[in-house]
Structure formats: C-alpha cells, structure tokens
S.K.: 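I am attaching a structure below and will ask some questions about it afterwards.
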Amino acid sequence: LNYELEIQKIELILQNEQLRLSQADLLESRAHYTELYDFAPVAYFTLNMRRQIVHANFQACELMGVERRFLTGRDLNTFVAIRNREKFQLFLSDIEDGSDFQECEIELVAKAGLRAGVRRWVQLTGIRIQFSHEKPLQYLIAGTDITRRKLAEEKLMENQQGLEKRVAERTSELREV
C-alpha cells in the first residue's frame, strides 16, 4: 500500500509539473497574441451586438484620439462623421446579415485630446463572429487610415476641375477669335 501511494505521489508530481509547463506556455502564447493585437499597425475594434466597443487596440485609440479606457462601452458610431453615419450603419447591417467580410470607407472625427475635431478617413473591414456557443456574437473590425490617399484624391479632383475650367475658358476664347 505504501509503495502504491509513493507511485501515485510521483505520478501526481509529474502531472503537476506538466500542468505548470502547459500553463506557462499558455501564458506566453496569450502575451504574444495580446502584443500582436495591441501593437498592430492597423486599428482593431471588437463590438458587441449593441455596437458598443468591447476591445480596441492602441492604433484604434490613436485614430480616435481617445485613451482605451474611454473607448470601452462607447458606440463607435459617435466617432463617425455625421455625413457617413448612414453608410456606417449599412456596413454594420451587412456584417450582421452575412458571413463574408464587408468593407466601407468612412470619415471619423476624433472627440478629445490633441486630436479633437481632427478628421481621418478609414477603410473598414469587418465580419461577425462567435468564438464559441457560450460567447455572444461580436463584430470584428479592422480599420486602416487612408487619409493621405483621400487628400491626394481630393487634390487630384481639384486639379482636374481647374484644368477642365481652363480648357473651357481657352476654348471659349478661341471660338471668339
């Protein structure tokens, strides 16, 4: 009996050591993926089905001009420029209705800090997901800052309109001659 107890004790010690190693591996893996999420060069948002921000990474906070603790629980729609809110609601509805990735371009307006009032254009890609049956459905959204591209497009459009105006004026002058 004593011998059997000793064997069980050794087995428990070995199992305990394996559990500790597994736990250390899990903690390391979790830290790695948390780091990947938090420091990604793209803004990441997780929204609940009420469309409130559950999680946001540092790039998302930078984009919004708000500290992370002030983002949690807020409706992402409050950061969307008024003229883009209907488009954003349609984007979320499309995510809710489908299983494919949805995309849209919207303008965001920072609400606080040094960036208050600063407008940024963002390309959003989102999908609805449920990680397990115990967890609720969520929206996963990635946002890429496309402000430079949008400003360049606006400048190009202005230049094109200026050139078209000059061509029309010159054509009118030539007709008069």
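The analysis underlying the following values was restricted to heavy atoms, covering all of them including side chains, and did not include hydrogens, waters or symmetry mates.
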S.K.: So, using side chain to side chain donor-acceptor pair (under 3.5 Å) as the criterion, who are the partners of N77 when residues are at least two apart?
M.R.: Q89
S.K.: Does CD belonging to E173 count more than 12 external heavy atoms closer than 6.0 Å?
M.R.: yes
S.K.: Assess whether a salt bridge exists between R119 and E107, defined as any Lys/Arg side-chain N lying under 4.0 Å from an Asp/Glu carboxylate O.
M.R.: yes
S.K.: Assess whether atom CG of L5 is packed by more than 12 heavy atoms of other residues, nucleotides or ligands within 6.0 Å.
M.R.: yes
S.K.: Hydrophobic clusters here meaning ILVMFWY residues chained together by side-chain heavy-atom distances under 4.5 Å, can you tell me if V66 and V122 are in one?
M.R.: yes
S.K.: Going by distance alone, is a donor N or O of one side chain under 3.5 Å from an acceptor N or O of the other, for E4 and Q8?
M.R.: no
S.K.: Does a sphere of radius 6.0 Å around CD in E164 hold more than 12 heavy atoms from other residues, nucleotides or ligands, not counting ones at 6.0 Å or beyond?
M.R.: yes
S.K.: Given Y139 and L76, is the side chain to side chain contact (heavy atoms under 4.5 Å, CB included) satisfied, shown in steps?
M.R.: CA-CA 11 Å; Y139 300 102; L76 186 55; over 6 Å; no
S.K.: Between L108 and L92, is there a shared hydrophobic cluster once you connect ILVMFWY residues whose side-chain heavy atoms come closer than 4.5 Å?
M.R.: yes
S.K.: Output yes when E153 and R149 qualify as a salt bridge under the 4.0 Å nitrogen-oxygen rule, no when they do not.
M.R.: yes
S.K.: Report the relative orientation of the aromatic rings in F58 and F39; use parallel for angles under 30°, tilted for 30 to 60°, perpendicular for over 60°.
M.R.: tilted
S.K.: Before you tell me yes or no, could you show the steps for H55 and Y44 under side chain to side chain contact (heavy atoms under 4.5 Å, CB included), namely the whole-Å CA-CA distance, both residues' side-chain angles and the distance that decides it to 0.1 Å?
M.R.: CA-CA 8 Å; H55 300 290; Y44 289 131; over 6 Å; no
S.K.: When Ile, Leu, Val, Met, Phe, Trp and Tyr are grouped by side-chain heavy atoms lying under 4.5 Å apart, directly or through other members, which residues fall in the same group as L151?
M.R.: none
S.K.: As a test of understanding, state which of I13, L14, L19, L21 forms a side-chain contact (heavy atoms from CB on, under 4.5 Å) with E17.
M.R.: L21
S.K.: Can you hop from I141 to L137 via hydrophobic side chains spaced under 4.5 Å?
M.R.: yes
S.K.: Carefully, step by step, assess K150 and R120 under the rule side chain to side chain contact (heavy atoms under 4.5 Å, CB included).
M.R.: CA-CA 9 Å; K150 284 296 202 179; R120 294 246 180 111; over 6 Å; no
S.K.: Using a 4.5 Å cut-off on heavy atoms from C-beta on, say whether the side chain of L47 contacts that of D75.
M.R.: no
S.K.: Run the salt-bridge test on D38 and R68 with the 4.0 Å N-O cut-off and return the result as yes or no.
M.R.: yes
S.K.: Does L140 belong to the same Ile/Leu/Val/Met/Phe/Trp/Tyr cluster as Y37, with side-chain heavy atoms less than 4.5 Å apart forming each link?
M.R.: no
